[in-house]
2 protein chains.
Amino acid sequence: MKENLIETLIGIFTVDKGKIKILLMHKKDEPYKGYWILPGSFLSSDETLEDNITDVVCDELGLPSMYIEQCSTFSNLNRYPEKRVLATTFIGLIDNITLVLKRKELDNVELSWFDIDSIPKTGYDHDKIIEKLIDYLRKRIISSNILRILFPSDFTLPELQKVYEQILGITIDRRNFRKKLINLGYVIDTGDVNEGYMGRPAKLYRFDENVEERNLF
Amino acid sequence: MKENLIETLIGIFTVDKGKIKILLMHKKDEPYKGYWILPGSFLSSDETLEDNITDVVCDELGLPSMYIEQCSTFSNLNRYPEKRVLATTFIGLIDNITLVLKRKELDNVELSWFDIDSIPKTGYDHDKIIEKLIDYLRKRIISSNILRILFPSDFTLPELQKVYEQILGITIDRRNFRKKLINLGYVIDTGDVNEGYMGRPAKLYRFDENVEERNLF
DNA sequence: CTTCCTTTGCGTTTATCATACACTCATATT
DNA sequence: AATATGAGTGTATGATAAACGCAAAGGAAG
C-alpha cells in the first residue's frame, strides 16, 4: 500500500498583554471527546498543504488570513486510532489587533486561547506536536525578526520584553533590553505613549522595516 | 479524494578537502532520463518517513546509517508528471572517513558527489528542493554544533574554516577563527599534526563533546 | 645547503558590544 | 500631599570581536 491519508494541523499564536497564546479547539465527538486539539483538516489530492491550512484558518475558524510557516511532518504509525494518518504541521502568527477586528464568530466551533505555559489536556499526539510547534516558534524568534508579525505597530518595550522572556525562559535587564533594541535600530519611537495604565506611561514603538535579521539573544 | 502518494527525498552531505558535497543519483529511465536527482523512495502505509529514508540510505545506496533530520514537505500539484505526489525531504550527514570505510559498492545505481556550489542539471523540482536543503543545512550549521558530525576527529582548523566560509558565504580571518574556537573550548588539540602537504603542517583537533550549543557566526 | 614560496600558528591593539547596577520620571491610588 | 507602581535614563566595567604584523615549519628549486 503506497497511499496515505494526510492531515494538516496548525498552531495559531498571538500575543495578548505580553503573553503568548495558542488557539485550540474543543473536540465535540469521539474519539477524544472533550479534549483540546489543534485545528486542521484532511488533505485532498487537488490542493497543496498550504492552501489547505489557509482554508482551515479562514473558513473553518473564521480568522483573517495570516502568516504561516510549515513545521514538520509526523508519521508515527500509531498516532491515529484505527487508520494510518500523517500530519503536516504549521505555525500561524496573527497580531491581536487584526485578530479582534477581522474575526468572524462561528457557531459550530468552540475555540479558546491558552497561555503556552499552561496547555490543557489534548487529544491524539497533539501534546507532542504542540511542544514541537512551540519549540519551532522559539527558534524562529531567536534567529529571525518574525516577532514583528505579532507586534505590528505601537507596542511598548516592556510588552515585547515579556514575550522574549516567556519564550526564551530567561530574564532580561529592562535597561539593557531597551538599549539593545534602540541602538541596533530595531525599533523606532513613534512619539506616542500608552496611557491609562498604572505607573508611568510607556512609549510606543514600531519595528524598523529596513533592519536586517540577526540573533538578538 | 483524500489519499495521496508520498515520496521521501534525501540530500546527503559530506565534507571532502574542505568542500561540502551532496550525493546525487543519475536517472537511467524516463522521465528525466540522464538528469540528476535526489535519492528517495515511495512511502508505504506501514512505515514511518524516517524508517523509509533510513532504508533508502542503507539498502538502496549502500551507505552506512547516518545522522538525518527532516526538512520540509513539498506539495505543489504539478511537481510530478501525471499523478500527484508529495515529497518529504531530509538531510543526511556523514563524515568522509566513515563513508569510505563502510560504503558498499552497488552495481545498479550511479551516484556522484557534487560540490554544493555547482549542482548539475536536475530532474523534477529537485533544484528547488536542493536549494532549500542547502539553506536548511546552513541554518543548522549556524545555530547548532551539527558540524561535528561531519568532522568526527582529527581535523585541521583551516579545513573547518573553509566549510564555514563556503556555507555561510563569508570570509573569516584565520587568526580570529582559531582564537574563537579554541578560547570557547569548542575544539581540543589532539597533539598530532597533518604532514605531507605544502606549507607548515596543520595541527589536528577534535570537538569537545561537553561544550554547549551556541551561535558562532 | 641556501633561498624562496606556501601555509599555518601566535600575539597585540583597538573597537564594539554585553553586563551590572542607581537613580529619576510620570501616572494612578489613597 | 503622600505613596505605590511601572517606565525611562546614564555610567562604569568586563568580555568579546575585528584588524593586523610577524614568526614558524615544511616543500620546491637553484
Side-chain angles (χ1 to χ4, degrees), chain A residues 15-19 142-143 145 151 154-166 168-206 208 211-217, chain B residues 15-19 141-143 145 151 154-166 168-208 211-217:
Chain A
V15 171
D16 192 21
K17 300 187 188 68
K19 302 290 280 182
I142 294 175
S143 66
N145 43 32
F151 289 91
D154 288 20
F155 54 85
T156 71
L157 290 188
E159 270 183 306
L160 185 62
Q161 181 179 340
K162 275 181 199 143
V163 170
Y164 273 108
E165 291 183 328
Q166 183 185 15
L168 303 183
I170 57 176
T171 57
I172 310 167
D173 184 273
R174 240 185 28 255
R175 302 153 281 191
N176 293 334
F177 179 77
R178 158 179 298 282
K179 219 180 321 176
K180 187 181 218 166
L181 291 179
I182 293 175
N183 288 351
L184 290 177
Y186 237 64
V187 294
I188 301 174
D189 191 337
T190 64
D192 298 323
V193 293
N194 192 23
E195 295 187 67
Y197 297 89
M198 287 272 273
R200 176 174 177 174
K203 286 186 175 184
L204 292 172
Y205 291 86
R206 60 182 170 79
D208 186 346
V211 79
E212 62 176 327
E213 290 196 352
R214 59 165 284 185
N215 285 19
L216 290 178
F217 296 100
Chain B
V15 170
D16 191 20
K17 301 188 187 68
K19 301 289 281 182
I141 287 177
I142 294 177
S143 65
N145 43 31
F151 289 92
D154 288 20
F155 55 84
T156 70
L157 290 187
E159 267 183 308
L160 185 61
Q161 181 179 341
K162 275 180 200 142
V163 170
Y164 273 107
E165 291 183 329
Q166 182 185 16
L168 304 182
I170 57 177
T171 58
I172 310 168
D173 183 273
R174 224 162 11 88
R175 300 151 282 189
N176 292 334
F177 180 79
R178 157 178 301 280
K179 221 179 321 175
K180 188 180 217 166
L181 290 179
I182 293 175
N183 288 350
L184 290 177
Y186 237 65
V187 293
I188 301 174
D189 191 337
T190 64
D192 298 325
V193 293
N194 192 22
E195 294 188 69
Y197 297 89
M198 284 274 272
R200 178 174 177 173
K203 287 186 173 182
L204 293 173
Y205 292 86
R206 60 182 169 80
F207 281 110
D208 185 347
V211 80
E212 62 176 327
E213 289 196 353
R214 59 164 285 185
N215 285 19
L216 289 178
F217 298 99

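Chain identifiers are assigned alphabetically (A, B, ...) following the order of the sequence lines, protein sequences preceding nucleic acid strands; residue numbering begins at 1 within each chain. Both backbone and side-chain heavy atoms feed into the values below; hydrogens, waters and symmetry mates do not.
What separates NZ of Lys17(B) from P of dT7(C) is a distance of 16 Å, to the nearest Å. For Asn183(B) and dG11(C), the CG to P distance is 11 Å, given to the nearest whole Å. Spacing between atom CG of Leu157(A) and atom C1' of dG6(D) amounts to 14 Å, rounded to whole angstrom units. In this structure, Gln161(B) places its CD atom 13 Å from P of dT7(C), rounding to the nearest Å. Atom-to-atom, CG of Leu160(B) to P of dT8(C) comes out at 13 Å; the value is rounded to the nearest Å.
For Arg200(A), the side chain to side chain contact (heavy atoms under 4.5 Å, CB included) criterion is met by no residue, not counting sequence neighbours. Contacts of Thr190(B) classified as side chain to side chain contact (heavy atoms under 4.5 Å, CB included), with partners at least two apart in sequence or in another chain: Asp154(B), Asp192(B), Leu204(B), Arg206(B). Qualifying side chain to side chain contact (heavy atoms under 4.5 Å, CB included) partners for Arg175(B), counting only residues two or more places apart in sequence or in other chains: Asp173(B). For Glu212(B), there are no side chain to side chain contact (heavy atoms under 4.5 Å, CB included) partners two or more places apart in sequence or in a different chain.
Shown here for Lys162(B) and Gly18(B), the closest heavy-atom pair between the two residues is CB-O, 3.6 Å.
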**Prompt:** How does each nucleotide of nucleotides 23-30 of chain D score, in 5' to 3' order, for protein heavy atoms under 4.0 Å: base (B), sugar-phosphate only (S), or none (-)?
**Reply:** -BBSS---

**Asked** Which nucleotides of nucleotides 14-23 of chain C have their base under 4.0 Å from a protein heavy atom (B), which only their sugar-phosphate (S), and which neither (-), written as one string 5' to 3'?
**Response** ----SBBBB-

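When the shell of 6.0 Å around CZ of Phe217(B) is examined, it contains more than 12 heavy atoms from other residues, nucleotides or ligands.
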**Request:** Evaluate side chain to side chain contact (heavy atoms under 4.5 Å, CB included) for Arg214(A) paired with Leu184(A), printing each intermediate quantity in order.
**Result:** CA-CA 10 Å; Arg214(A) 59 165 284 185; Leu184(A) 290 177; 3.3 Å; yes

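Remark: of the listed residues Arg178(A), Lys180(A), Lys179(A), Lys179(A) is the sole one forming a side-chain hydrogen bond (donor to acceptor under 3.5 Å, both in side chains) with Asn176(A).
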